[in-house]
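Read the structure below first, then the notes.
Everything numeric here is computed off the predicted structure, so don't read it as measured data. One-based numbering along the sequence shown.
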Amino acid sequence: MMTDLLTTVLEAHGGPARWREAQRISARQFSDGALWPLKGHPGAVDDVTVTVDLHRQFTSHTPFLGEGRRTAFTPDRIAIETTEGEVVEELRNPRASFAGHELTTPWNAPQLAYFTGYAMWTYLTEPISLTFPGVRTEEIEPWAEDGEKFRRLKVTYPSDIATHSAEQVLYVDADGLLRRRDYTVDVAGGVPSAHYISGHREVSGLVIPATRMIYGRDENNARVPDPLVVSVRLEDITVS
């Protein structure tokens with residue numbers, strides 16, 4: 001059952017009918033921030049093409065750690081392939097490979113591909129993915145920040161959806177647009193994150209944010225302004 005707030009969010013981002021009709025989103029992705037060198041991969045996902053399927057968990061980034069290579073992410077398998085589809089490296093049950101990881105634990109190439117795959121799928125499929133089987137939403141108490149008041153939607157994901165953490169909180173502005181999300185990064189030692197969303201633009205009837213800035217989050221639920229953990233900027237967004 002959808003909450004009133006989820007209905008508001010869906011309508012503000014283009015409406016559920018248009019989201020169900022669309023099949024995939026692609027964009028040119030520029031990423032920066034402290035996370036990538038910390039994990040041993042500076043610049044690895046800066047200026048790549050990301051494509052996500054809107055109705056199943058699938059993401060591909062290309063080029064990935066070299067020309068002529070791409071990723072193929074699903075929740076139970078991550079692969080690095082040639083652009084002809086030949087598997088270069090793969091990892092099955094990838095989530096289990098992060099056991100014991102902390103924020104400073106380096107990632108190997110498939111682990112990097114898994115993280116970037118599930119993260120971008122989570123972001124680009126919202127809000128339609130919030131209606132998927134097993135996803136539960138409930139409105140919780142509002143939040144005031146920088147002179148604005150936000151309604152908040154607590155999201156609980158089922159175990160078959162790969163994402164940062166089972167419980168996340170979305171912040172919704174007066175126009176019904178998603179502006180912030182809170183979560184813990186389970187694959188990086190459970191670090192708490194405050195993720196800011198902006199640059200919403202309409203593309204083929206869908207409203208898609210183009211800019212994301214991700215910071216640490218303190219015990220008072222406030223962002224820790226330094227360092228900037230991850231930034232994501234999208235250009236040339238297309239819907240098919």
Side-chain angles (χ1 to χ4, degrees), residues 25-52 58-75 77-83 86-91 94-124 162-165 180-199 208-218 223-237:
I25 293 173
S26 293
R28 193 171 173 186
Q29 176 184 339
F30 299 87
S31 295
D32 202 353
L35 181 70
W36 313 113
L38 190 66
K39 291 298 187 182
H41 299 281
V45 283
D46 186 31
D47 199 0
V48 295
T49 295
V50 58
T51 301
V52 303
F58 178 83
T59 308
S60 183
H61 280 94
T62 185
F64 187 80
L65 301 180
E67 290 299 321
R69 294 191 175 187
R70 68 187 183 199
T71 67
F73 156 80
T74 59
R77 174 183 177 267
I78 182 70
I80 300 170
E81 309 171 336
T82 68
T83 49
E86 180 183 343
V87 175
V88 176
E89 193 171 359
E90 74 172 353
L91 184 60
R95 196 76 170 204
S97 74
F98 294 91
H101 274 225
E102 299 175 354
L103 178 59
T104 55
T105 308
W107 287 337
N108 62 29
Q111 288 171 328
L112 172 70
Y114 174 78
F115 172 80
T116 57
Y118 85 62
M120 292 308 296
W121 184 89
T122 299
Y123 308 155
L124 286 173
T163 185
H164 292 298
S165 53
R180 172 177 161 175
R181 68 183 308 127
D182 294 345
Y183 47 84
T184 57
V185 185
D186 290 350
V187 300
V191 59
S193 299
H195 170 143
Y196 291 82
I197 305 165
S198 61
I208 301 169
T211 305
R212 296 172 180 275
M213 309 287 277
I214 304 163
Y215 302 88
R217 178 165 46 93
D218 69 17
R223 70 176 167 190
V224 178
D226 189 53
L228 173 63
V229 180
V230 171
S231 66
V232 178
R233 178 171 56 88
L234 301 180
E235 294 184 1
D236 304 329
I237 304 170

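When every heavy atom of Ile80 is checked against every heavy atom of Pro110, the shortest pair comes out as CD1-N, 4.1 Å. Heavy-atom minimum distance, Ser193 versus Ile214: CB-CG2, 4.2 Å. Nearest heavy atoms, Ala109 versus Leu65: CB-CD1, 3.6 Å. Contact between Thr122 and Ala162 at its shortest, heavy atoms only, is OG1-O, 4.0 Å. In terms of heavy atoms, Arg217 sits closest to Ala194 at CB-N, 4.0 Å. Closest approach of Pro63 to Gly66, counting heavy atoms only: CB-O, 3.6 Å.
For Tyr196, the side chain to side chain donor-acceptor pair (under 3.5 Å) partners at least two apart in sequence or on another chain are Glu145, Arg180. In this structure, the side-chain contact (heavy atoms from CB on, under 4.5 Å) partners of Ser31, at least two apart in sequence or on a different chain, are Gln29, Trp36, Val45, Val232. Applying the side chain to side chain donor-acceptor pair (under 3.5 Å) test to Glu235 and every residue at least two apart in sequence or in another chain returns Arg233. With sequence neighbours excluded, no residue forms a salt bridge (Lys or Arg N to Asp or Glu O under 4.0 Å) with Glu89. A search for ring-ring contact (aromatic ring centres under 6.0 Å, His included) contacts involving His195 returns Tyr123, Tyr183, not counting sequence neighbours. Listed by chain and number, the residues in a side chain to side chain donor-acceptor pair (under 3.5 Å) with Asp47 are Arg28 (sequence neighbours excluded). The side-chain contact (heavy atoms from CB on, under 4.5 Å) test applied to Thr211 returns Ser198, Met213, not counting sequence neighbours. Applying the side chain to side chain donor-acceptor pair (under 3.5 Å) rule to Ser231 yields no partners; only residues at least two apart in sequence or on another chain are considered. Among residues two or more places apart in sequence or in another chain, the salt bridge (Lys or Arg N to Asp or Glu O under 4.0 Å) test is passed with Arg70 by Glu81. Residues satisfying the side-chain contact (heavy atoms from CB on, under 4.5 Å) test with Val229, not counting sequence neighbours, are Leu35.
Just one of Val185, Val187, Thr184 meets the side-chain contact (heavy atoms from CB on, under 4.5 Å) condition when paired with Ser165; it is Thr184.
Between the side chain of Lys39 and the backbone N or O of Asn108, no donor-acceptor pair lies under 3.5 Å. With Thr59 contributing its side chain and Gly117 its backbone, the two residues share a donor-acceptor pair below 3.5 Å. Looking only at distances, no side-chain donor or acceptor of Thr71 sits under 3.5 Å from a matching main-chain atom of Thr62.
Atoms CG and CZ, from Asp218 and Arg223 in turn, are 11.5 Å apart once rounded to the nearest 0.5 Å. To the nearest 0.5 Å, atom CD1 of residue Ile237 and atom CD1 of residue Ile25 are 8.0 Å apart. Asp236 contributes atom CG, which lies 8.5 Å from atom OG1 of Thr49 (distance to the nearest 0.5 angstrom).
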From CA spacing to verdict: side-chain contact (heavy atoms from CB on, under 4.5 Å), Phe58, Val52: CA-CA 6 Å; Phe58 178 83; Val52 303; over 6 Å; no
side-chain contact (heavy atoms from CB on, under 4.5 Å) evaluation trace for Leu234 with Met120: CA-CA 11 Å; Leu234 301 180; Met120 292 308 296; 4.2 Å; yes
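For residues 95-105, the set of pairs meeting the side-chain hydrogen bond (donor to acceptor under 3.5 Å, both in side chains) definition, not counting sequence neighbours, comprises Arg95-Tyr114, Ser97-Gln111.
In this structure, the ring of Phe115 has its center less than 6.0 angstrom from the ring center of Trp107.
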